[in-house]
Number of protein chains: 2
Amino acid sequence: MRVAIAGYGNLGRGVEAAVTNAPDMELVGIFTRRDPANVIIATDTPVYAWADLPTFADKVDVVVLCGGSATDLPEQTPELAQYFTVVDSFDTHANIPQHFANVDATARKAGTLGVISCGWDPGLFSLARLYASAALPNGADYTFWGRGVSQGHSDAIRRIPGVVDARQYTVPVPAAVEAARSGKNPQLTTREKHTRECFVVAAEGADLAAIEEAIVTMPNYFSDYDTTVTFISQEELNANHAGLPHGGTVIRSGRTGLSDEFGDTIEFSLDLDSNPYFTGSVLTAVARAAYRMHEAGQTGARTMLDIPPALLSPLSAEELRAHLM
Amino acid sequence: MRVAIAGYGNLGRGVEAAVTNAPDMELVGIFTRRDPANVIIATDTPVYAWADLPTFADKVDVVVLCGGSATDLPEQTPELAQYFTVVDSFDTHANIPQHFANVDATARKAGTLGVISCGWDPGLFSLARLYASAALPNGADYTFWGRGVSQGHSDAIRRIPGVVDARQYTVPVPAAVEAARSGKNPQLTTREKHTRECFVVAAEGADLAAIEEAIVTMPNYFSDYDTTVTFISQEELNANHAGLPHGGTVIRSGRTGLSDEFGDTIEFSLDLDSNPYFTGSVLTAVARAAYRMHEAGQTGARTMLDIPPALLSPLSAEELRAHLM
């Protein structure tokens with residue numbers, strides 16, 4: 001199948017690698033809103049201007065959108081669904097129903113298929129929550145993120161006056177993870193579940209106490225958490241905090257039996273060296289499924305919750321039954 | 001939806017409990033090959049003779065088969081697929097393709113749907129292997145079972161002369177689990193992955209050394225494992241080994257990036273107080289999906305790999321998108 005990438009940042013690089021390594025896919029082009037001549041990419045794939053996308057309607061089977069959820073995808077996914085079967089990683093959880101409705105309307109009208117909110121959360125973690133709650137209806141879910149880099153929180157620190165660079169790690173509290181596994185269905189507050197570790201490069205002569213105060217009291221981002229701030233040099237940040245590792249754990253504990261006699265725990269976890277490369281790999285598997293579902297006549301919006309899992313794999317249904325069941 | 005249970009052992013009890021606790025299901029009847037008058041069940045559901053099943057074709061939406069994989073299900077699932085949409089837990093991995101073909105032929109002809117090999121392995125573990133291999137194509141899978149009771153191995157011990165009762169636990173080797181998580185893709189032998197712990201009640205005056213030798217040298221079951229045998233009294237077995245706990249872990253480690261720069265690990269694990277009650281709960285969720293797929297016009301055989309996950313949940317697609325994504 002012929003795949004295009006729309007948007008080339010960290011996630012675009014991840015999809016580029018995964019599609020290039022997929023035996024059943026051809027990477028037709030990378031589309032950018034920048035001047036294509038100035039975009040250096042990792043493979044020899046052609047780079048095209050965003051405005052050329054509609055002219056590729058007959059040359060591309062699936063477009064994987066790699067823009068951000070704040071302003072890019074709410075506009076871009078419905079726009080491109082006019083021409084293509086599309087896959088995105090929209091991850092603003094509260095706005096998923098509205099984004100779904102927007103993509104659904106355009107895709108139904110255009111006869112295309114749009115799979116939104118793919119990746120690991122939303123995505124594989126959503127699936128873990130769904131399977132676990134279906135298998136164990138009488139129970140409670142817990143999602144822990146990290147230890148990993150939150151790009152949104154890192155950006156928020158960088159906007160504070162006097163900050164040159166920053167990296168923020170989200171860290172699950174081990175006691176909270178153990179409590180979730182215990183089967184006692186504890187009520188855990190935001191502060192009890194995660195801590196936040198900030199590594200900050202300050203400008204020369206900046207007021208470090210003021211920066212630390214600005215971080216730990218920042219509403220929504222840090223004020224509800226126990227946050228630690230460590231000032232380091234740019235060299236140390238580059239040497240020890242250049243990567244984008246992430247991961248996390250979904251735990252459901254619950255009870256079976258006519259009178260809830262038995263306690264069970266279901267756990268799904270990820271430990272990722274590179275968040276964007278893994279997310280790109282998941283989007284690539286979803287692109288395969290989206291292509292197959294559209295070929296079978298399906299149109300409109302979908303999420304990973306709607307995809308028959310076998311469609312994600314390059315293996316045939318017979319091979320899957322023989323080797324993975 | 002109206003559900004019936006065909007076969008009433010441990011697994012039938014598990015399905016009975018799960019269907020009874022499901023708000024969207026009615027348990028119409030339990031069908032048995034024994035004399036219904038002699039079958040004591042846990043609820044006030046009517047008990048019927050197996051031979052009456054065909055007369056319920058218009059009164060039941062899905063039949064959940066709860067027989068064994070050795071001789072029951074290969075006959076029963078195709079037989080009942082003539083009349084009903086069916087769900088089974090056929091778990092002889094090597095024979096799944098043949099069983100699938102048999103059920104598919106009958107179900108297509110009859111216009112019914114048959115979902116085979118549901119539960120946790122095959123079932124949720126198959127799904128974990130599929131999602132992990134689709135998300136991380138360049139990697140290796142490891143499945144560990146236990147610590148839990150293997151009923152097949154317990155039965156094999158009970159057939160040895162001089163053995164009155166026995167319980168066998170399958171136990172993963174912690175070093176092997178750590179090696180699988182390490183990302184080094186180790187080759188692990190059967191002996192390196194699991195040990196087997198046997199608790200045996202011997203007849204008075206039996207030759208304990210001979211029993212132990214018969215166990216640890218038994219081909220297929222024990223000879224490829226490091227096996228320990230502990231002789232205990234019937235009272236101790238009843239007091240400490242009456243349950244059927246089980247569980248296990250599916251681990252995939254692999255690499256992403258254009259040149260495999262990044263290492264990732266995906267892990268799915270279960271810790272179950274009662275294997276049959278949890279398996280019954282999974283079968284009940286699959287019965288819901290099977291009903292919905294058949295209502296949408298699908299016929300033939302399926303596995304859990306073919307089921308759009310949202311269909312397993314009693315929640316609507318809108319509720320799932322709003323609350324689980």
Side-chain angles (χ1 to χ4, degrees), chain A residues 14 16-18 20-22 42-43 93 96-97 100 117 120 122 124 126-131 133-138 256-258 261-274 277-278 280-282 285 303-310 312-314 317-318 320-322 324-325, chain B residues 14 16-18 20-22 42-43 93 96-97 100 117 122 124 126-131 133-138 181 256-258 261-274 277-278 280-282 285 303-310 312-314 317-318 320-322 324-325:
Chain A
E16 179 188 23
T20 300
N21 288 333
T43 59
H93 289 257
I96 286 173
F100 186 93
S117 300
W120 60 273
L124 295 177
S126 318
L127 288 164
R129 289 186 282 262
L130 172 56
Y131 282 114
S133 66
L136 212 46
N138 177 13
T256 60
L258 203 54
E261 302 93 304
F262 306 109
D264 302 328
T265 304
I266 304 175
E267 192 164 337
F268 178 75
S269 61
L270 295 172
D271 181 2
L272 311 173
D273 270 2
S274 168
Y277 278 84
F278 183 76
S281 189
V282 175
T303 71
M304 290 179 77
L305 305 182
D306 305 307
I307 297 178
L312 297 165
S313 172
E318 291 74 17
L320 293 174
R321 281 195 294 275
L324 287 192
M325 284 294 292
Chain B
E16 179 188 24
T20 300
N21 288 333
T43 59
H93 289 259
I96 286 174
F100 186 93
S117 300
L124 295 177
S126 318
L127 288 165
R129 289 186 282 262
L130 172 55
Y131 281 114
S133 64
L136 212 46
N138 177 13
R181 277 188 193 125
T256 60
L258 204 53
E261 302 93 304
F262 306 109
D264 302 328
T265 304
I266 304 174
E267 191 162 338
F268 178 75
S269 61
L270 295 173
D271 181 2
L272 310 174
D273 269 2
S274 167
Y277 278 84
F278 182 77
S281 189
V282 175
T303 71
M304 290 179 76
L305 305 182
D306 305 306
I307 297 178
L312 298 165
S313 172
E318 291 74 17
L320 293 173
R321 281 195 294 275
L324 287 192
M325 284 293 292

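A, B, ... follow the sequence lines: proteins, then strands. Residue 1 opens every chain. The structure displayed is predicted, hence computed values, not measured ones. Atom set for the values below is all heavy atoms of this structure, side chains included, hydrogens, waters and symmetry mates excluded.
- Counting heavy-atom pairs closer than 4.5 Å to chain A, the top residue among B/A285, B/A310, B/P314 is B/A310.
- Interface remark: B/L324 contributes backbone and side-chain atoms alike to the contact with chain A (heavy atom separation under 4.5 Å).
- When each of A/T43, A/T256, A/V282 is checked for heavy-atom pairs under 4.5 Å with chain B, A/T256 comes out on top.
- For B/L272, the parts lying near chain A are the backbone and the side chain together; criterion is any non-hydrogen pair under 4.5 Å.
- Proximity to chain A involves both the backbone and the side chain of B/F268, based on heavy atoms less than 4.5 angstrom apart.
- Looking at residues two or more places apart in sequence or on another chain, you find no side-chain contact (heavy atoms from CB on, under 4.5 Å) involving B/N21.
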(message) Run A/L270 and B/T265 through side chain to side chain contact (heavy atoms under 4.5 Å, CB included) and show every step you take.
(response) CA-CA 6 Å; A/L270 295 172; B/T265 304; over 6 Å; no
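- Interface remark: B/L127 contributes side-chain atoms only to the contact with chain A (heavy atom separation under 4.5 Å).
- For B/S281, the parts lying near chain A are the backbone and the side chain together; criterion is any non-hydrogen pair under 4.5 Å.
- In this structure the side chain of B/L130 never reaches within 4.5 angstrom of the side chain of A/L312, judged on heavy atoms.
- Taking all atoms of both residues into account, the shortest heavy-atom contact from B/Y277 to A/L258 is CE2-N, 4.5 Å.
- Residue B/T303 touches chain A through its side chain alone, counting heavy-atom pairs closer than 4.5 Å.
- Between B/P309 and A/P309 the shortest heavy-atom distance is CD-CD, 4.2 Å.
- Proximity to chain B involves both the backbone and the side chain of A/F278, based on heavy atoms less than 4.5 angstrom apart.
- Between the side chain of A/D273 and the main chain of B/G263, a donor-acceptor pair closer than 3.5 Å is present.
- Taking both residues in full, the closest heavy atoms of B/P308 and A/P308 are given as CG-CG, 3.9 Å, listed atom of the first, atom of the second, then distance.
- Using a 4.5 Å cut-off between heavy atoms, B/A42 touches chain A through backbone and side chain atoms alike.
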(request) Output, in order, the C-alpha distance, side-chain angles, deciding distance and verdict of side chain to side chain contact (heavy atoms under 4.5 Å, CB included) for A/D271 and B/D264. (result) CA-CA 6 Å; A/D271 181 2; B/D264 302 328; over 6 Å; no
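- Looking at every heavy atom in both residues, B/R129 comes nearest to A/M325 through NH2-O, 3.0 Å.
- No other option in B/R181, B/H93, B/M304, B/E267 has as many heavy-atom pairs under 4.5 Å with chain A as B/E267.
- For the options A/A322, A/S313, A/S274, heavy-atom pairs under 4.5 Å to chain B are most numerous at A/S274.
- Of the two parts of A/T20, only the side chain, counted from C-beta on, holds a non-hydrogen atom closer than 4.5 Å to a non-hydrogen atom of chain B.
- Of all the heavy atoms in B/A17 and A/G257, the pair that sits closest is CB-C, 3.8 Å.
- If you take OG on B/S117 and CZ on A/R321, they are separated by 10.0 Å, rounding to the nearest 0.5 Å.
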